[in-house]
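Shown next, in structure tokens, is the structure this report addresses.
Residue numbers begin at 1 in each chain, while the letters A, B, ... track the order of the sequences. As the structure is a computational prediction, the values presented were derived from the model and not from experiment.
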Amino acid sequence: MITIVLRGIFCKLHIVCCIKQVPDTTQVKIDPQTNTLIRTGVESICNPYDIVAVEAAVKLAEKNGGKVTVITMGPPQADSALRDCLAVGANEAILLSDRAFAGADTLATSYTLSQAVKKISATEQVDIVICGKQAIDGDTAQVGPGLATRLGFEQITYISEVISASKDKIRVKREVDGGSEIIETKYPVLMTVELELGLPRYASLPELVRSVRQEVKVWGAVDIGANIEQLGLKGSPTSVKEIFAPKTRTGGAVIDAQGNGVNQFLDTFFQKEPEVVKEIWGGGA
Amino acid sequence: MNETFDVAIVGAGPAGISAAITLANAGIKTVVVERGEYPGAKNMSGGVLYGHDLGQILPDFTKIPGFPIERNIIESRIWYLSKEAGISVGYRDSIFAGERKQNVFTVGRAKFDRWYADQARKKGALIVPATVVLDLIRENGRVTGVQTGRADGDIHAKVVLIADGVNSRLAVTAGFRPDVKPEHVALAVKEVIELAPEIIDQRFGVSDGNGVTTEILGAVAGGMDGVGVLYTNKASISLALGANLADFSKTKLKPYDLIETFKKHPMVAPLIAGGKSLEYTAHWLPEGGYDTMPKLYGDGYLIAGDSAMLFNAPHREGSNLAMLSGKMAADTIIEAMKTGDFSAKSLSAYNTKLSESKILQDMKKYRGFGGFLYDHKEIFETMPEIVQFGGRELLTVNAESKKTKQDKIIKKLRKDMGIPRFVRLMWSGFRAVK
Amino acid sequence: MPKNAKGRDIAEIIPAKCIGCQLCVGECKVDAIRMENGVAIIDSEKCIGCGKCVDVCPSNAVLFEKIRKKKAVIPAAEVKPGTEANIKPEYHGVAVFIEVVRGEVSDVSWELAGKARELADKLQTEVIGLLLGSNVGEVAKEAIAYGCDSVYVMDKPVLAAYFSRMYGRALVSMCEQVKPEIVLIGATPLGRDLSSVVATQLQTGLTADCTGLDIEPDIKLLSMTRPTFGGNIMATIWCRTRRPQMSTVRPRVMKMPVKDPARSGEIIPLDFSADGITVPQLIEFLPRAAEAGGVDITKAPVLVVAGKGACDAKSLPMLEQLAQVMGGSLACSRPVIQAGLLPYVRQVGQTGKTVAPQLYIGVGVSGAVQHLVGMQGSRKIVAINIDKEAPLVKIADYSLIGDYKQIIPELIKGFEARSSQLKNKPQSNLKGSQA
């Protein structure tokens, strides 16, 4: 108990988590006849990488003392994703919701989020921002680094483990091509996290009740002092030209493996695919 | 957890939420525990609601923003089908588009239940989602709360309302109700088929957000004791089919196959042609009727809705009975709060309210209906064939005189069923619903 | 045509087509559109029937009578030839960021150089290499051999290891000096990290993980196509008014060009100042653990992939043997990882690796969407499955229907019998495939 109190005095981290509410893409299916998305019954969930980020933040705050604020940009319904985060231990939640934010690409999104983090930081200085590595609906992995850049924070992406943290620095493991790096940095820092970091806890009933009851602040463009030209559709340099169903490959020969089927297949393959055979094995004699 | 409540409600369906709204209106501290990710996540129904009954709980419900109505029903049809043919009777009345608007209307349950739960929340009820209630907490034989599956998960309350649906584990675990017998429930499957609103308007001859319901009897479920419904939503059609669970296990018929066959029936196919299947769900319906109802109250607890087996099978009324019973349970609790007495004796007022209302009166009236259908399989097999034979004979114009045709039909009836049996069937049918 | 109480024709959303992009919400002038469960909903009483939402909807999910025949959100005809392409005429050339990690060039950089060549030819411009690192002189020459016309180099000791802000400043400074109209970056962990830093500082558009890049005829914009919604739909993106147009591309999506050491080009060193930049401290680099076998399933020419139908510890050695005989590697779909039979590095699919081998052999792989997005680029697909209705069979070039326990030994035997005719004995091709 005493250690907790002492830590509370000497080391208080303020951590902001940026989350996104996404459609559960594992449930999204394409209607083969019309090539449109079947979305009925597809639930909106908190992006899985982001909920891992919140859990990591809560653990950091528990160990070192401090506070976790969750923010998201989205429609009023995104409130429920924020409450999921409150249930697993976040202290405060802010919903950035404004018509002017709609249609934002990653550049406009990172601008909106950065304005919000700056506003939060003005009253309570932010030491760490944690984001999920990417969102499962867009898979871009751009907002985190973009936000770090706008805030002028150090940026460490693809974190798979938090090794240690103290009042002014943090040591983490990050995954890169061919291996992992152990990195240490001072605050302020923005980190993006991998799923390996660990699933969120199952909220206790009092925590859950708190999350249902707690007020979620709603901030609009004016609240975060945003330049309207940099928001939403207006502030997005990229635009969607068109959307279409992915080209699907059409199936080829279906061979019954009974009898001589396997050998038949090999003969056909070597005969009909000389280029592939050449590419892999330097070609037949 | 430390916090205590006046009332703990298990289940955020129509019964639980109706009670929560009523209690919250009276300023009573209420918590609703729902196992689904959100209210409505686990619910299913054909999707028909009744304005009068909803109005008991939420007067002026049509004026509340976001009221998720699909279509206002102005015509009710009944079909009696054989495998290849069918008789259709319908009643349409302009009064239902005018002064009695929203007498009957369709809703999407996922949307409606969320909206409905929001009304309870706005009035001050606490709704806790994604939490399973494992058991009741008892002290000295009285129910004093519920135990949930979360850490620090006990909720203490003065009274508990059990409204967790037809396969209420809680009522069974607590020993208030025996496990459901397969013959007392129907397995209902529902498919929602998307169609453009204009196409639905055209096919059903409606406009301006009005729609049609169709209740279907006869050979719809492969000879099983089954019924179907076809309801119009804003931009989709709900097609549902239910049959006795015991029959399903006997016949080994697959619900999905049945609904696929049903979709090809000449009465159904043209109405859904070109539509796209949006969802497919399955659920139980408590069809056992009056005689399968458990005792609905005890020391510190009440049971409402499907948990209490409140369901009017012949009229396909379930959600509204759930709502009304939830409200009556809440009214009972409000009275008990005044005296602070939550004993079985005090809560027995709930039973009186139910008995004096249409709920139990209707349940009693139709108490024999489920058994009647179950015992008279000819309604689902032989009779439809005779009807089809008769229809074809009468309506095919050929050299035969009408008298010859009539004789043929009576001969068929004699041969396939026998006149005494037919008369007995009619008589027991009448007795079952009188 | 629906009308509201005021008798106005109003727009309607087709929920099944709505992809929840919210473009219409921002476009609506009267605040009549809101999102509910990820689908746009129009408030009929607020809607004034202006049709703006129809124009902006990328998936034709808005029903409106006044609908004009509309193929694209931004009909190409609306963009006058020359206007947008020349919006910033000082920007020209197709640039490729050449990624060097611990002294080694990532293959994707050369793959992109090949693509850049193709794009540059369509634009009648040059291919520019952008190279950062320490002691990378040789790499610059290689870049020319792979098709760059000129290579800008910042060769500094501070750039020896990758740090976001250090590299970010270097590449931003390079782009500001060189002014390329297009910048392509490999969608590696490093590239995805860096590209966003640079795009944010340059305040330009960035499209991640593109699978297709092309030049729109007439208007000369870069059309960037990428999968979205977990690969369920494809979106083509434009960056109309800002430069450079930036895109990242996953490894092995573009074809590796032929190296031509005889090509000539210009190497231009640029200065770099790291003043005022702090970097985190790299304590240690841990190469990927040996238990994973050092396997890189993305590099194998042949992949034998175990699926749910072959999720059996006893069968894996047999599959491994087939992979070895063919000179490939063993990989798997998600259920096999969940069963704990193989490590995560061997997983193919949305949550695993994207692979594009010459030959993909799926054994008991049913072919869920999440798996298909990770292997659809394979050159030839063979499905071995007991169920001829499996989704993978529907897209496979060859399907062998039957029990894999019987098929695989026959395949091994049959292939070995034929391998004597092959020029490269597969065994010699075997690198790091032992588990």
Side-chain angles (χ1 to χ4, degrees), chain A residues 23 25 28 30 36-37 39 44 75 99 102-103 110 137-138 140-142 145-146 149-150 154-155 157-158 176-185 232-233 237-244 246 248-249 251-258 262-263 265-266 273 276 279-285, chain C residues 16-17 22-23 25-26 35 38 58-59 72-74 164 188-189 192-193 196-197 200-201 204-205 207-208 228-230 232-239 242 280-288 301 358 379-380 388 394-402 407 410-411 414 421-424 426:
Chain A
T25 54
V28 177
I30 291 262
T36 51
L37 285 180
R39 290 174 59 101
S44 289
R99 223 156 59 80
S110 71
D137 58 344
T140 68
Q142 286 171 10
T149 304
R150 289 184 184 272
E154 188 51 74
Q155 159 186 342
T157 44
Y158 319 125
V176 294
D177 267 348
S180 35
E181 295 175 344
I182 308 291
I183 298 245
E184 191 171 282
T185 186
L233 207 53
T238 60
S239 48
V240 180
K241 178 203 163 202
E242 61 180 339
I243 278 176
F244 52 96
T248 43
R249 301 172 68 126
V254 178
I255 305 156
D256 187 346
Q258 292 296 320
V262 174
N263 275 310
F265 155 69
L266 283 170
E273 314 285 355
V276 181
E279 189 80 32
I280 309 175
W281 301 295
Chain C
K17 286 192 179 176
Q22 303 174 31
L23 288 176
V25 179
M35 299 301 294
S59 58
V73 182
I74 314 145
S164 310
T188 58
R192 296 178 87 182
D193 187 295
S196 187
V197 173
T200 306
Q201 286 192 34
T204 190
T207 307
T228 183
F229 280 104
N232 289 299
I233 49 173
M234 305 295 290
T236 300
I237 313 269
W238 279 348
C239 174
R242 303 201 200 175
Q281 194 185 351
L282 176 60
I283 311 282
E284 203 183 350
F285 175 74
L286 311 163
R288 193 75 69 214
Q358 294 290 323
R379 185 149 178 199
K380 289 290 158 188
K388 68 174 191 295
K394 306 266 179 230
I395 66 152
D397 301 290
Y398 299 92
S399 295
L400 282 163
I401 306 302
I407 295 172
E410 281 184 41
L411 259 182
Q421 307 163 18
L422 300 171
K423 282 202 182 119
N424 297 347

Quick one: pull up [atom1] in [X] and [atom2] in [Y] and give me the separation to the nearest 0.5 Å.
X	Y	atom1	atom2	answer
C:Q358	A:W281	CD	CH2	9.5 Å
C:I237	A:E242	CD1	CD	10.5 Å
C:L411	A:L266	CG	CG	5.5 Å

Modelled atom types, side-chain donor and acceptor of C:T188 and A:D177, under 3.5 Å: no
If you count heavy-atom pairs under 4.5 Å between each of [options] and chain A, which one has the most?
options	value
C:S164, C:A235, C:G402	C:S164
C:I407, C:T204, C:V25, C:D397	C:D397
C:G205, C:P189, C:A208	C:P189

Those residues that, when tested against C:E284, pass side chain to side chain donor-acceptor pair (under 3.5 Å) (two or more places apart): none
Which residues share a side chain to side chain donor-acceptor pair (under 3.5 Å) with A:T238, sequence neighbours left out: A:D105
[X] versus chain A, the contacting section by heavy-atom distance below 4.5 Å:
X	answer
C:R192	both
C:T207	both
C:K380	both

Flag, side chain of C:S196 to backbone of A:Q142, donor-acceptor distance under 3.5 Å: yes
Options A:E184, A:R99, A:R150, ranked by heavy-atom pairs under 4.5 Å with chain C, top entry: A:R99
Greatest number of heavy atom pairs closer than 4.5 Å to chain C - which of A:G252, A:G146, A:G251, A:G179: A:G179
Contact check, side chains of A:E273 and C:R379, non-hydrogen atoms, under 4.5 Å: no
Which portion of A:L233 sits near chain C, non-hydrogen atoms under 4.5 angstrom: side chain
Which heavy atom of [X] sits nearest to which heavy atom of [Y], and what is that distance?
X	Y	answer
C:F285	A:V176	CE1-CG2, 3.9 Å
C:P280	A:T185	CB-CB, 3.6 Å
C:L282	A:I183	CD1-CD1, 4.0 Å

